[in-house]
Amino acid sequence: MKTVRLLFFTGLAFSLTKCSPVREQQRSLSQLDRRVQEIKLYAQKNGYSTRYCFLLDMRLQSGLKRFFVYDMSNNMVAFSGLVSHGDCDQNFLKTARFSNTPGGGCTSIGIYKVGRAYYGQYGKTYKLYGLQETNSNAFNRAIVLHGNTFIPDEESYPKLICNSSGCPMVSFSFLEKLSSVIDKSPKPVLLWVYDSPAQPMIFVPRMRINLPSARLWRRK
């Protein structure tokens, strides 16, 4: 009887552990509105698109959809997809680690401006410009948004997807969807890579801020 109980609770614990990343994904989706308020305010102040933004939650496992295209006009996720994180010059990283160091191969957290497209090694590719101290070297590091045949279109969890060299790398079909947003936008679209829960907005006279937050700056 004790053996049966042990097997039951072991199986239950395994099941809960296995499901926890999915619950984390659901929790991430429920917190997007709060994060959108912050990025929309920044977009309004600095002349970026207030129609769409890209939110990449690197807390989630790479086999789950964690690249969210948010329609700020209708307050909804328009669509989502898989995205890789950097390998930090190692064979493979299960969980994302972050660095702004040139040549390090890591993902950099922070808000980016999505720049113009060009055609390179992976076909259509978008330049990215880091707007925070945590990703200020993005352009010089050649951190770009591009597609790769190794990224699947559908979720593969619990199987993880491949790493990149620090770029947000997606499937080619998902990149086509992103292109339809980026290319039609009259103003640059913002892309936000993050790894921490959204913080509650704090209201003060004539100004709305979010604590803690990094100092934002614009690349000239």
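Using a 4.5 Å cut-off on side-chain heavy atoms (C-beta onward), Val114 and Leu128 make contact. Residues Tyr48 and Ile39 fail the side-chain proximity criterion, which asks for heavy atoms closer than 4.5 Å. Using a 4.5 Å heavy-atom threshold, the side chains of Thr134 and Asn100 count as separate. Within the 4.5 Å cutoff, no side-chain heavy atoms of Leu32 are placed close to those of Met76. Side-chain contact between Leu64 and Pro21 is present, with heavy atoms from C-beta onward closer than 4.5 Å. Two residues are said to be in side-chain contact when any heavy atoms from C-beta on lie closer than 4.5 Å; Asp57 and Tyr194 meet this criterion. At least one side-chain heavy atom of Asp183 sits under 4.5 Å from a side-chain heavy atom of Lys124. Side chains of Leu178 and Phe79 form a contact here, defined as non-hydrogen atoms less than 4.5 Å apart.
Residue Val193 is grouped with residue Val69 when hydrophobic side chains (ILVMFWY) are merged at heavy-atom distances under 4.5 angstrom, including chains of intermediate members. Cluster annotation: Leu29 is connected to Leu55 through the hydrophobic network of ILVMFWY side chains, with a link wherever side-chain heavy atoms come within less than 4.5 Å. By the criterion of side-chain heavy atoms lying less than 4.5 angstrom apart, applied directly or through intervening Ile, Leu, Val, Met, Phe, Trp or Tyr residues, Met72 is not grouped with Val189; the two fall into different hydrophobic clusters. At a threshold of 4.5 Å between side-chain heavy atoms, the hydrophobic network of Ile, Leu, Val, Met, Phe, Trp and Tyr places Tyr129 and Leu145 in two separate groups. Hydrophobic clustering of Ile, Leu, Val, Met, Phe, Trp and Tyr side chains at less than 4.5 Å, counting indirect connections, unites Val170 with Tyr52.
Here the rule is side-chain contact (heavy atoms from CB on, under 4.5 Å) with His85, and of Leu56, Leu93, Asp195 only Leu93 fits it.
Within 6.0 Å of the NZ atom in Lys177, the count of heavy atoms belonging to other residues, nucleotides or ligands does not exceed 12.
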>> Assess the residue pair Tyr70 and Arg35 against the criterion (side-chain contact (heavy atoms from CB on, under 4.5 Å)); give the C-alpha distance rounded to whole Å, side-chain angles, the decisive distance to 0.1 Å, and a yes or no.
In response: CA-CA 11 Å; Tyr70 199 95; Arg35 196 170 292 277; over 6 Å; no

>> One pair to check against side-chain contact (heavy atoms from CB on, under 4.5 Å): Arg27 and Arg59. What are the steps and the verdict?
In response: CA-CA 11 Å; Arg27 189 178 301 113; Arg59 294 174 300 167; 5.9 Å; no

>> Evaluate Leu131 against Leu190 for side-chain contact (heavy atoms from CB on, under 4.5 Å), listing each step before the verdict.
In response: CA-CA 10 Å; Leu131 301 177; Leu190 293 176; 3.7 Å; yes

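With side-chain heavy atoms closer than 4.5 Å counting as contact, directly or through intermediates, the hydrophobic cluster containing Tyr118 also holds Val144. Residue Phe92 is found in a hydrophobic cluster whose other members, listed by chain and number, are Leu160; membership requires side-chain heavy atoms under 4.5 Å apart, directly or through intermediates. Taking Ile, Leu, Val, Met, Phe, Trp and Tyr as members and joining any whose side-chain heavy atoms lie under 4.5 Å apart, directly or through other members, the hydrophobic cluster of Leu82 also contains Ile151, Ile161, Met169.
In terms of modelled atom types and a separation under 3.5 Å, the side chain of Thr107 and the main chain of Gly86 share a donor-acceptor contact. Side chain of Ser108 to backbone of Ser99: a donor-acceptor contact under 3.5 angstrom is found. At distances below 3.5 Å, at least one donor-acceptor pair connects side-chain atoms of Asp71 with backbone N or O atoms of Asn74. Between the side chain of Arg66 and the main chain of Val83, a donor-acceptor pair closer than 3.5 Å is present. For Ser179 (side chain) and Leu175 (main-chain N/O), a donor-acceptor pair under 3.5 Å exists by modelled atom type. The backbone N or O of Ser84 lies less than 3.5 Å from no partner atom in the side chain of Asn163, so there is not a single donor-acceptor pair.
Considering only residues two or more places apart in sequence or on other chains, Cys106 meets the disulfide (SG to SG under 2.5 Å) condition with Cys88. Legend: residues meeting salt bridge (Lys or Arg N to Asp or Glu O under 4.0 Å) with Asp89, ordered by chain and number and at least two apart, are absent.
Looking at every heavy atom in both residues, Cys162 comes nearest to Phe150 through SG-CB, 3.8 Å. Counting all heavy atoms, side chain and backbone alike, Ser49 lies closest to Ala43 at O-CB, 3.5 Å.
Note on residues 142-155: pairs passing side chain to side chain donor-acceptor pair (under 3.5 Å), not counting sequence neighbours, are Gln25-Glu155, Asp153-Ser171, Asp153-Ser173.
Atom CG in Asp87 sits 10.0 Å away from atom CZ in Arg97 (nearest 0.5 Å).
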